[in-house]
Amino acid sequence: MASIFEEVGALVAEAVAALETDGTLAPGHGVTPVIEPPRDPAHGDLATNAALALAKAAGMPPRQLASLLAMTLARAPQVERAEVAGPGFLNLVLAPAAWEAQLRAVLAAGDSYGRVPTRAAGLPVNVEYVSANPTGPMHVGHCRGAVVGDALANLLEFAGHRVTREYYVNDAGAQVDTLARSVHLRYRQALGDAIGAIPDGLYPGDYLVPVGEALAAEFGDRFRASPEAEWLPLFRGRAVAAMMDLIRADLATLGIRHDIFTSEAELHARGAPAAAEARLRAAGLVYDGTLPPPKGELMEDWEPVVLPLFRSTAFGDDVDRPIRKSDGSWTYFGADMAYHAEKAARSSALIDIWGADHSGTVKRIEAAVAALTGGEVPFDVKLVQMVRIFRGGEPVRMSKRAGNFVTLADVVEEVGPDVTRFMMLTKRPESPLDFDYVRAVEQSRENPVFYVHYAHARIRSVERRAEGLALAEAAPLDRLDEAERGLIKIMAQWPRVVEQAAAAREPHRVAFYLHDLASAFHALWNRGNDDPALRILVDDPDLASARLALARGCGHVLRAGLSIMGVTAAEELR
RNA sequence: GACCCCGUAGCUCAACCGGAUAGAGCGCCUGCCUUCUAAGCAGGGGGUUGCGUGUUCGAGUCACGCCGGGGUCGCCA
């Protein structure tokens, strides 16, 4: 069944078409009227700007056009009243039966209410998220991008897209060589060498100790004193594999699993950057040139050098960007460019979730994708701002260099995956987030996780209690009152929330919507505290079954939303 | 210097491709527990949406310019 917005949208479209038929309105105006719930409930259940948007095409004042539309719309059985308001808005009050039908649709669809059937045609949407460097366990800073990316992938699937969840493994370059050297030190340590303090520039974390021990057990002292060239590739491979195991285990604690891990090293091995360079050279977008000296802090060692440059300035970037270094090896950007070209070839759209510290590189990669796909594949980079972690208002320090950083595992262990995921989605990603261990587990209205769980637990409690009662089979939903229909109206917005959150790539909107829905449910529930006749399970079996159906429907929507967020719906809170 | 993000109630934040009188929570004030879980609910007070100009029937939302906070800048990763 169509959502209430689609249903009313169709009615409005019919009314507009009727005006075209009788010549009031010339066809071909290209206007799609917006149907939305008005902010002010006095403006009815739904409002449309159709007359405002079409006034120019009709050559008629908006209010006059609106009253023509109102006359047609008022004849529809779903519409109780159609009123012209303000500059030419058309406010619609729907008949109670229309809302009862919406509740029946929710109950029929169950937890799938609002889900769009998967579109089989075309390539999947690619969401790349986490992509943390394989040099250690995940820290809390990675956590937000991980949750936002995963929830976004869930949301897009719910909205009918096929989705590929992808992780780009930066297993090439200097940092993984550093990792390998750090592991070699731990390997010597495992063989009994006194290694002393970990030198500056190497990774100090204890998590490398077992990696060194495993290598010692397997290879004995074969690489103890041998030249670096003999062990570096081997140690690098083992270290990266071990780090990726750590990272996958961290992600698993949050229920996150990627479909594809793409290796930067393999990308180089199959010559992808060179292929991308050739295409861009042919298009005149890569040339050999010299960069101007960097602005900002003074760079004493800077010297002009001729390098292959990507013409990102043609796409709004400040300067052109080198794709290879003076020694001929690829820059990070050179590989990343090729990687995105490969992803674009197998995707209908690309979405990257990045930490805000990479904001400076967005333009060049957007430029590269536009250049390599001819603008055919939409590409969005969503920047996620940093997380600051607190305990009872006191900042908790983290420092990856010192090796004593707050890990993702620390957070999940302390507050659990559900709270972690929910909290990461309680703000727009582009706002910095303060995460407080104490407040995150607080059981109060102030805590949105708890608040939504509490609503669901109340519904489950009533459902359990109702199991032993003899209630009417088919709930007579016309017994519901105005306030109860108000809850249906909020539930009926769910398909639209899904559609718009998916289009905007903003999973946090689901969290906010669930909070609103839970709030409406709590309000209804509490009427029963003031007046026992307003409780759900009253003596009248017809009325009880109708109210139970309402609560059940609300439970379905709460579970649908929580499943997108990747949060378990609590059965009870004790 | 340049680029990116942010600026909305005392605080933390919303505001659905631009829509009508900008909404929640916290804190403050006033009510509601022999309960279907009061871990909650109802009501009250609180705003020049940082400033300005422009586009529009209509701007917190779009454009441009300022101001303020944060982040970034490299042949790094």
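Values below: all heavy atoms of this structure, side chains included; hydrogens, waters and symmetry mates excluded.
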(request) Name the residue closer to the 5' end of RNA chain B, choosing between A:D327 and A:D357 according to the nucleotide with the nearest heavy atom. (result) A:D357

(request) Map A:S519 and A:W525 onto RNA chain B by nearest heavy atom, then report which one ends up closer to the 5' terminus. (result) A:W525

Between [X] and [Y], does at least one N-O distance fall below 4.0 Å, as a salt bridge requires?
X	Y	value
A:K489	A:E482	yes
A:R464	A:E467	no
A:R391	A:D436	no

Could you give the [atom1]-to-[atom2] distance, from [X] to [N], as a whole number of Å?
X	N	atom1	atom2	answer
A:D320	B:C75	CG	C1'	14 Å
A:R464	B:U37	CZ	C1'	11 Å
A:E430	B:A14	CD	C1'	12 Å
A:F512	B:U12	CZ	P	14 Å
A:H268	B:A77	NE2	C1'	12 Å
A:K363	B:C5	NZ	C1'	13 Å
A:H358	B:C5	NE2	P	17 Å
A:L291	B:A2	CG	C1'	15 Å

Quick one: which of [options] gets closest to the side chain of [X]?
X	options	value
A:V305	B:U37, B:C57, B:C75	B:C75
A:Q175	B:A77, B:U37, B:C4	B:A77
A:R509	B:C4, B:A15, B:C75	B:A15
A:Y332	B:G19, B:A77, B:A42	B:A77
A:S359	B:C75, B:A42, B:U72	B:U72
A:K325	B:C76, B:U37, B:C17	B:C76
A:H515	B:C75, B:A24, B:U37	B:A24
A:E36	B:U37, B:C5, B:G19	B:G19

Please confirm whether the shortest side-chain N or O distance from [X] to OP1 or OP2 of [N] is below 4.0 Å.
X	N	answer
A:R527	B:C41	no
A:R428	B:C6	yes
A:R364	B:G74	yes
A:K56	B:G58	no
A:Y451	B:C41	yes
A:R465	B:U37	yes
A:R321	B:G74	yes
A:S461	B:U37	yes

(message) Taking the six-membered ring of A:Y454 as reference, does the cationic atom of A:R458 (NZ for Lys, CZ for Arg) lie under 6.0 Å from its centre and within 45° of its axis?
(response) yes

(message) Would A:R496 pass as a cation-pi partner of A:F5, given that its NZ or CZ must be under 6.0 Å from the six-membered ring centre and within 45 degrees of the axis?
(response) yes

Is [X] touching bases, backbone alone, or none of the nucleic acid, heavy atoms closer than 4.0 Å?
X	result
A:L383	sugar-phosphate
A:A503	nothing
A:H522	sugar-phosphate
A:N91	base
A:L534	base
A:V462	base
A:A504	nothing
A:R324	nothing
A:V34	base
A:H508	sugar-phosphate
A:A47	base
A:S326	base
A:N49	base
A:P37	base

(message) Checking understanding here: a glycosidic angle within 90° of 0 is syn, the rest anti, so what is B:C33?
(response) syn

(message) Checking base pairs now: Watson-Crick or wobble, both atom distances under 3.5 Å. What partners B:A20?
(response) none

(request) Hey, could you give me the CG/OG1 distance between A:D418 and A:T568, rounded to the nearest 0.5 Å? (result) 3.5 Å

(message) Please report the distance separating the C1' of B:C3 from the corresponding atom of B:U8, rounded so that it comes out in whole Å.
(response) 25 Å

(message) Distance check, P atoms only: B:U55 and B:G46, in whole angstrom units.
(response) 35 Å

Side chains of [X] and [Y]: closer than 4.5 Å at any heavy-atom pair?
X	Y	result
A:I459	A:C554	yes
A:K382	A:Y129	no
A:R324	A:T331	no

(message) Between the base of B:G40 and the side chain of A:N526, is one N or O donor paired with an acceptor at under 3.5 angstrom?
(response) yes

